[in-house]
Every structure is written in C-alpha cells, then in structure tokens.
There are 2 protein chains.
Amino acid sequence: MTDNGNSERPIPRTGRPGKRKRTDAQQDLRDRPSTIRDVASKAGVSVATVSRTLAGNYPVSDETRARVMAAVESLHYVVNVHAKALSGRVAGPVALVMKDITGPSLAHVAAGVEQEAADRGRLSLVCATHDDPAREDDLVQLMREQHAAAVLLVGSVVPDEAYDRRMIGYAEALNAAGSRLVLVGRPAPAPDLPVTVVDYDNRGGAFQATSHLLASGHRRVLFLGGETGLSSGDERRAGHRDALRAHGVDHAEELDTAGTYTRASGYVRTRDALRAGLEFTAVFAASDVVALGALAALREAGLDVPGDVSVVGFDDVPFATDLTPSLTTVRVPYEELGRTAVRMALSRTQAPADDHVVLGTQLVIRRSVRRLDW
Amino acid sequence: MTDNGNSERPIPRTGRPGKRKRTDAQQDLRDRPSTIRDVASKAGVSVATVSRTLAGNYPVSDETRARVMAAVESLHYVVNVHAKALSGRVAGPVALVMKDITGPSLAHVAAGVEQEAADRGRLSLVCATHDDPAREDDLVQLMREQHAAAVLLVGSVVPDEAYDRRMIGYAEALNAAGSRLVLVGRPAPAPDLPVTVVDYDNRGGAFQATSHLLASGHRRVLFLGGETGLSSGDERRAGHRDALRAHGVDHAEELDTAGTYTRASGYVRTRDALRAGLEFTAVFAASDVVALGALAALREAGLDVPGDVSVVGFDDVPFATDLTPSLTTVRVPYEELGRTAVRMALSRTQAPADDHVVLGTQLVIRRSVRRLDW
DNA sequence: GGGACGAAGGGAAACGTTTACTGTGCGATC
DNA sequence: GATCGCACAGTAAACGTTTCCCTTCGTCCC
C-alpha cells in the first residue's frame with residue numbers, strides 16, 4: 001500500500017470487490033471510460049473529494065485540488081452525465097421535433113432553438129417526423145424518457161379533432177414528467193392546457209401582402225394559397241380575404257386556389273390559370289417556394305415580372321432577395337420564433353397556466369411588384 | 001391489501017425505507033415522474049418483473065403482464081434513460097457539430113445524419129460552433145460526457161497545425177471513451193488515427209465544372225474561388241487549374257480570385273472584375289451562393305446569362321434550379337454525406353484503423369452555360 | 001484551559017434501472 | 001415415486017455520481 005502513512009483507516013480501494021469482466025489490468029485504461037473512483041484512487045482521496053473538487057462548491061485544500069486535477073488530466077476523466085443526472089440535477093435537453101430539417105424556414109427555427117438552448121446551457125435534440133403522427137407519438141415518448149426540459153413541435157398542421165386529442169395527451173404527459181410541450185407555428189388544441197404556444201401572425205402578414213398589391217392598383221390577384229385545413233394556409237387565406245374586403249374588392253372565386261407549399265404546386269396552378277385565360281395582374285403566393293413556381297410559369301409564358309404581372313411571396317427565405325426580380329414577401333421571424341419558444345419554455349416561472357405569444361410579421365418590399373397607376 | 005390472496009410472501013413494499021422528501025402522498029403523481037417501483041407496487045409485483053415485462057426478454061405470465069401493463073398505462077410510466085444507461089446498455093446519441101445549421105448544404109447533411117441515426121435507433125444532438133474553436137473543444141468534451149456514440153464535425157476548415165493538433169486530441173479522447181470522431185467534409189489530420197473521414201470530391205467536381213466551360217468553347221474563365229487555406233476552397237481551386245492545364249489553356253492570374261463563400265463576395269468580385277475591364281466569357285463560382293452574387297453583378301451590368309457570360313456554380317443548392325437562368329452546377333451529395341458518416345461510424349467493425357471515404361460529385365447541366373462555337 | 005467553530009475530508013445512502021442468482025411450484029420422465 | 005427441468009417470480013448487486021452526515025484537527029475567544 002502506498003498510503004502516506006498517517007492513518008490506520010484503509011485508503012480508498014482501487015476497485016470494488018465486485019467482479020470485473022476484464023482480466024488483464026493493463027486494458028482498463030483503454031476502452032472503459034475512467035470513473036470518478038479511478039480519479040480518486042489515483043489522487044489518493046475519496047470520491048467525495050473528487051466530486052467536490054470538480055464541482056467547486058466545497059472547501060478543498062490547494063494541495064488536494066492539485067492532486068485531483070492532475071489525476072483528472074492524466075486519466076482524461078469526464079463526468080458520466082447519466083450518473084450525474086441520476087443523482088444531482090442535470091439540465092435536461094431541449095427537443096426539437098419537426099417534419100423535416102432541410103426547409104429554409106424550419107432550418108432557421110432550428111438555429112434559433114439551438115442558439116437559445118446553448119445560451120442556457122442546454123443541448124438540443126433534433127428529430128424529423130416526416131409528417132408521420134405515429135413517429136411523433138414515439139418521439140414525444142422518447143423525449144419523456146430523455147427527461148427533455150421542453151419538447152418543441154414545430155410546423156403547421158391540420159388542426160382536426162385527432163390533432164387536438166394528441167396534443168392534449170402530449171401536454172399532460174410532458175407536464176406530469178416536469179417537462180413542457182411547446183407548439184411552434186401551430187394552434188393550441190384547447191385552453192387551460194399546460195402548453196406554451198409560440199405562433200406568428202399569418203393572417204396579418206397575408207393582409208399586408210394583399211393590401212400592398214391592392215394599394216398598388218391591382219384588382220385581380222391570383223391567390224396561390226396553402227392546403228385548405230392546414231392552419232397556416234387557412235390563416236393566410238383569411239388575411240388575404242380580409243384585405244380584399246377592406247379594400248372593397250370583390251372576391252373572385254376562381255382566383256382563390258389551394259394547394260401544397262411546393263414549387264411544383266405554384267408552377268402548375270399559375271400555368272393552369274394562364275391556360276384557362278384567367279385575368280389577373282398580380283399573384284400572391286402563400287409561400288416563397290410557391291412563388292418560385294409561379295415565377296417559372298410566368299416566365300415560361302413570356303410574361304415579365306413585375307412588368308406584366310406582380311408577385312408577392314410569404315416567408316422571406318434567404319434566396320428571395322436573389323431572385324429575378326427580387327421578391328417582395330412577408331418576413332416571418334423564424335429564428336426569433338425558435339429562440340422565443342425555448343426562452344418561454346425554460347424561463348417559465350411557476351405559472352402553471354398556458355401561455356401564448358404571437359410574433360409579428362412584416363412586409364418586405366422589393367422589386368416584384370409594380371404600381372399599376374403609373 | 002388487495003393481494004389476490006394466493007401467497008403468504010409479503011408483497012413488494014410500496015416505497016423504500018429511506019426518507020421521502022414529499023410528505024403528502026397525493027402529490028406524488030403530480031410532479032415527480034413515476035418510477036419502476038411505483039409500477040411494481042401498483043401491479044403487486046417486484047421491480048424485476050416489471051423490468052422484464054417491459055423488456056420482453058424473459059417469460060412472464062399473461063396475467064402478470066396484463067397487470068403490469070395496466071399499471072404502466074395508468075401511471076404514464078416511461079423508463080428513465082439515465083438509470084437505464086447506467087445499468088444496461090443504451091445506444092448513445094450521435095452528435096453533430098457544425099458551424100451553423102441554416103446553410104442549405106449543412107442542413108442537408110444534418111437531415112442525412114438525423115435520418116440515418118433515427119433508422120439505427122439513435123437520437124441526434126445538434127450543436128453550432130459559429131466557427132469558434134473553443135466552443136468546439138467544449139462540445140467535444142460535452143459529447144464525451146453524454147456518451148455520444150459518434151461525434152461528427154462537419155464543414156470545411158483551414159487545415160493548419162493547430163487544427164491537426166486539435167483533431168488528434170479529439171480523436172484520441174473520443175476513442176478512449178469508446179466513441180468515434182468523424183470528420184465530414186474536412187481533411188484527416190494525420191494517418192493511423194482512430195478517426196473516420198467522409199469527404200467529397202471537391203477537386204474532381206471543380207475539374208468537371210471548368211472542363212465543361214472549356215469544352216463549350218470558353219477560354220477566359222473568371223474563377224471566384226473560396227478562401228485560400230480553406231480545405232474545400234483550395235481543392236476546388238486545384239480542380240479548376242487541373243482542368244485549365246488539361247485543356248491547354250493558360251492560367252491567367254488576374255482571373256483567379258479568392259474570397260469568402262458569400263453572396264456579397266461573389267457580387268463584389270464580379271463587379272470589380274467588370275469595372276477593371278477584365279475580359280472573360282464565363283464565371284466559375286466555387287459555391288452557388290457566390291454564383292448568386294455573380295449573377296446579380298452581371299445583371300446589373302446589363303449582361304445576359306448565358307447570352308453574354310456563362311456561369312457555373314458548386315453545391316447544387318435547392319434554389320439553383322429556380323434561378324434565372326437555372327444554374328449549371330456541381331452536385332454534392334450532402335445528405336448522403338451525412339448518412340454515410342453515421343453509417344460508417346456506427347457499423348464500424350472492430351477494425352481499429354482509420355477509414356476514409358470520398359463521395360463523388362457530379363456536374364448538373366442546366367441553362368447558365370452557352371456553347372461559344374454556336 | 002475548554003468549548004465553539006470552521007476547514008477539510010471520508011463513509012455511505014440515494015438516484016432508477018437491469019440482471020445474475022435464488023428459489024418455488026409443477027408437469028414430465030424414468 | 002423420486003428427480004429433472006422449466007416457467008415464473010423475487011432479492012440484491014452493480015452502474016457512477018452527489019450530498020448528507022460524521023469525524024478530525026487546528027484556532028480563536030472568553
């Protein structure tokens with residue numbers, strides 16, 4: 001024993017009496033992460049002292065601290081987060097659940113979430129559902145197992161009864177586990193639920209967009225809306241109609257289309273409208289990628305934007321400024337959406353109530369709209 | 001006692017003899033996640049039986065199973081992953097460390113990583129470094145604590161000596177902890193290191209791009225390269241020069257520029273080249289966003305693409321097809337890059353050696369290049 | 001000179017699982 | 001009819017930390 005001879009009590013044992021699978025001791029350093037006991041024995045102190053030295057919340061003599069730190073260095077010791085979580089408290093991660101990460105808007109939400117989470121010392125778990133509700137169920141379950149501090153469900157949905165039921169279930173299950181459900185860009189299923197809702201003003205943004213077109217003298221606006229039923233789609237449609245009504249413009253049924261948020265959908269609907277001989281001087285696409293399709297169809301038809309037809313989008317994705325012409329669109333604060341969601345979920349005081357917030361949207365005027373009265 | 005009366009043995013106790021902070025039992029369900037002991041006591045069995053019932057790796061009578069499942073349901077029990085990790089083995093997460101998540105190419109890598117990880121039953125931790133080496137150090141450390149199965153460092157770098165040292169440290173530290181360092185899109189710091197490298201053929205892609213321009217009759221190609229020193233930038237530059245050499249075209253120093261991978265850089269360099277009166281009939285931008293800037297500058301100068309100047313990009317970001325004109329570019333299999341990285345890191349057999357793979361890149365011909373000899 | 005006190009450190013419980021051991025009955029086998 | 005084996009269930013050790021509680025030792029104050 002290499003005890004420093006000042007005590008009869010046994011020095012902390014190197015290993016437990018329990019069996020060790022590994023027979024040759026030389027391998028121990030190689031493939032098994034070193035534990036606090038390894039550090040303790042190497043430093044000739046107890047595990048309690050090592051823990052306290054590293055935590056720095058307890059007086060430790062300089063000499064002991066030095067020995068412990070040296071042992072930590074030489075063993076490349078890092079704490080085992082599972083053990084730490086099991087005993088002391090560990091800040092749970094933030095879980096981000098979305099349909100897909102590659103879309104520019106969702107990527108920005110993710111960036112905001114990651115940044116705010118990191119600022120608060122949390123890790124971010126990112127998962128894609130690919131629009132599969134069963135997968136969403138599994139993920140919420142999984143996040144409960146992981147003790148996630150908050151579970152963020154991001155992206156527009158069809159708010160039917162099944163959706164409400166699922167969200168209610170999630171909210172309660174997470175709440176019971178001390179976590180928090182956060183709905184980002186999707187509606188609350190019911191009032192007084194333990195849920196945080198962070199949304200943005202779809203309706204107001206669409207209102208601004210269409211108002212801008214109407215104020216520029218356009219009267220026949222082809223609306224390339226999102227899917228009917230989808231929350232963001234319906235809200236943007238409502239904002240569009242609000243604006244028509246507010247400006248006393250008749251709502252032409254045939255100009256009010258619905259479809260998916262894809263380039264293809266924008267392309268097809270615009271092309272078909274042109275083929276059908278519909279008259280319009282402007283297009284309001286309910287998303288920038290839809291606008292992309294519209295621009296392609298218009299260009300193909302030999303129409304100039306904004307010379308012949310004006311176009312407005314929605315989202316303000318990064319490339320909107322680089323299109324020809326640069327796209328007038330509605331800016332959605334996606335990154336701020338993510339940050340706010342994390343902030344609200346984590347800094348929630350003991351208020352058990354639900355909390356909602358709606359971030360504003362804002363028209364960004366570029367070059368894809370022409371004033372007709374010029 | 002609601003025991004079913006068929007045994008004298010004491011039913012498992014409800015709680016441990018140890019002290020409980022909570023005094024009023026009614027609160028127990030509310031804020032503390034229920035444990036396997038809660039389930040066991042509710043079902044009138046031992047914790048071992050509950051564990052085995054849930055794991056399904058041990059014979060359990062139908063009646064017992066039903067009771068356990070009922071208890072699980074009613075208590076909304078989920079296993080505590082930390083406890084599980086401490087005892088049996090739990091598949092560690094995959095950690096993805098990158099400069100920023102919002103870029104289209106990195107987002108696609110992330111999507112590939114997430115998908116492959118999910119397919120293998122792993123969670124994905126996503127972190128942004130914002131190009132801060134110290135943050136990268138912290139994250140690697142953090143991932144070691146988290147027992148990540150693999151740590152993926154994604155994105156081009158300046159491979160200087162400090163970089164090598166850091167990567168070597170990471171590789172060894174992670175390897176010692178049973179994890180694996182994976183470098184994606186960046187070079188290996190040294191041979192025979194426990195590291196997995198997944199890269200793509202920057203040089204070959206650039207060679208194809210410039211070759212395409214030269215084969216189309218262009219002789220003076222403005223090269224908008226990436227930063228000198230940056231691995232991907234240097235490789236693409238090398239590929240470009242290879243092609244010039246292969247086609248016997250003189251390398252004109254003034255046409256070979258370096259800068260950042262930003263739209264602004266592409267814009268400024270193209271504008272300056274035009275102002276300086278440099279003669280060129282084609283532009284090869286070392287990334288699509290740089291091409292975006294070039295397109296804007298050309299347009300501003302009243303030049304038509306591809307009528308007056310041809311343009312080729314690199315990356316094949318999603319919007320490349322939607323530009324005016326659609327952009328001829330080099331496709332990089334970003335998503336596959338992510339998938340491959342995870343696959344290689346996780347399905348690595350006991351081969352302790354380093355393993356490298358280079359994915360191919362491929363020219364995608366669209367409408368931004370004109371044949372000069374027509 | 002004696003007690004109080006603070007600094008420093010150790011022992012061991014507790015966190016929630018999994019699983020190796022140990023029993024039990026009970027039907028089948030010789 | 002004793003025995004073997006199997007289905008089923010419980011006990012307890014182990015996983016790696018943190019922290020409560022206890023001990024020791026030196027100082028300071030009256």
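Proteins come first, then strands; the chains are lettered A, B, ... in the order of their sequence lines, and each starts at number 1.
- Comparing Leu54(A) and Asp62(B) against DNA chain D, the residue whose closest nucleotide sits nearer the 5' end is Asp62(B).
- The side chain of Val45(B) has dG10(D) as its nearest neighbour among dG16(D), dG10(D), dT19(D).
- A search for side-chain hydrogen bond (donor to acceptor under 3.5 Å, both in side chains) contacts involving Asp132(A) returns nothing, not counting sequence neighbours.
- For the side-chain hydrogen bond (donor to acceptor under 3.5 Å, both in side chains) test, residues two or more places apart in sequence or in another chain that qualify with Ser61(B) are Thr64(B).
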Please table the atom pairs, donor to acceptor, closer than 3.5 Å between any side-chain atom in residues 50-59 of chain A and protein atoms at least two apart or in another chain.
| from | atom 1 | to | atom 2 | distance (Å) |
| --- | --- | --- | --- | --- |
| Thr53(A) | OG1 | Thr49(A) | O | 2.6 |

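- Atom P of nucleotide dT18(C) and atom NE2 of His82(A) are separated by 14 Å, given to the nearest angstrom.
- Residue contacts shown for Ser51(B) include a base, since a base heavy atom lies under 4.0 Å away.
- The side chain of Ser46(B) has dG10(D) as its nearest neighbour among dG10(D), dA14(C), dT17(C).
- Close to dA9(D), at under 4.0 Å from its OP1 or OP2, lies a side-chain N or O of Thr64(B).
- Look at CD1 on Ile36(A): it is 13 Å from C1' on dG10(C), rounded to the nearest Å.
- At a threshold of 4.0 angstrom between heavy atoms, the contacts of Asn57(B) are confined to the sugar-phosphate backbone, with no base atom among them.
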Could you give me the CA-CA distance, side-chain angles and deciding distance for Asp355(B) and Arg180(B), then say whether salt bridge (charged side-chain N to carboxylate O under 4.0 Å, His left out) is met?
CA-CA 11 Å; Asp355(B) 39 4; Arg180(B) 181 80 175 181; 3.1 Å; yes

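- Glu63(B) has its CD atom 15 Å from the C1' atom of dA7(D), to the nearest Å.
- Residues that satisfy the side chain to side chain contact (heavy atoms under 4.5 Å, CB included) test with Val126(B), not counting sequence neighbours, are Val126(A), Leu96(B), Ile101(B).
- No hydrogens or angles were tested; on distance alone, a donor-acceptor pair under 3.5 Å links the side chain of Tyr58(B) to the base of dA9(D).
- Summary of helix geometry: the two end axes of the helix from dG1(C)-dC30(D) to dC30(C)-dG1(D), each defined by five base pairs via their C1' atoms, are inclined to each other by 50° (rounded to 10°).
- The separation between Leu86(A) atom CG and dT18(D) atom P is 12 Å, rounded to whole Å.
- If you measure from atom CZ of Arg37(A) to atom C1' of dT18(D), you get 14 Å, rounded to the nearest angstrom.
- Taking Lys99(A) as the reference, Asp131(A) meet the side-chain hydrogen bond (donor to acceptor under 3.5 Å, both in side chains) condition, with sequence neighbours excluded.
- The separation between Arg67(B) atom CZ and dC8(D) atom P is 14 Å, rounded to whole Å.
- Ring-plane geometry between His82(B) and His82(A) is classed as tilted, the angle between the planes lying from 30 to 60 degrees on a 0 to 90 degree scale.
- When distances run from any side-chain atom of Val47(A) to the nucleotides dG16(D), dT18(D), dG9(C), the shortest one goes to dT18(D).
- Salt bridge status for Arg186(B) with Glu136(B): present, with a side-chain N to carboxylate O gap under 4.0 Å.
- Closest-nucleotide positions on DNA chain C for Pro59(A) and Ala48(A) were compared, and the one nearer the 5' end corresponds to Pro59(A).
- The side chain of Ser87(B) places no N or O atom within less than 4.0 Å of a non-bridging phosphate oxygen (OP1 or OP2) of dT19(C).
- Rounded to an integer number of Å, the gap from Arg52(A) CZ to dG10(C) P is 8 Å.
- Between the CG atom of Asp38(B) and the C1' atom of dC15(C) there is a distance of 13 Å, rounded to whole Å.
- The residue Val81(B) sits apart from the nucleic acid: no heavy atom pair falls under 4.0 Å.
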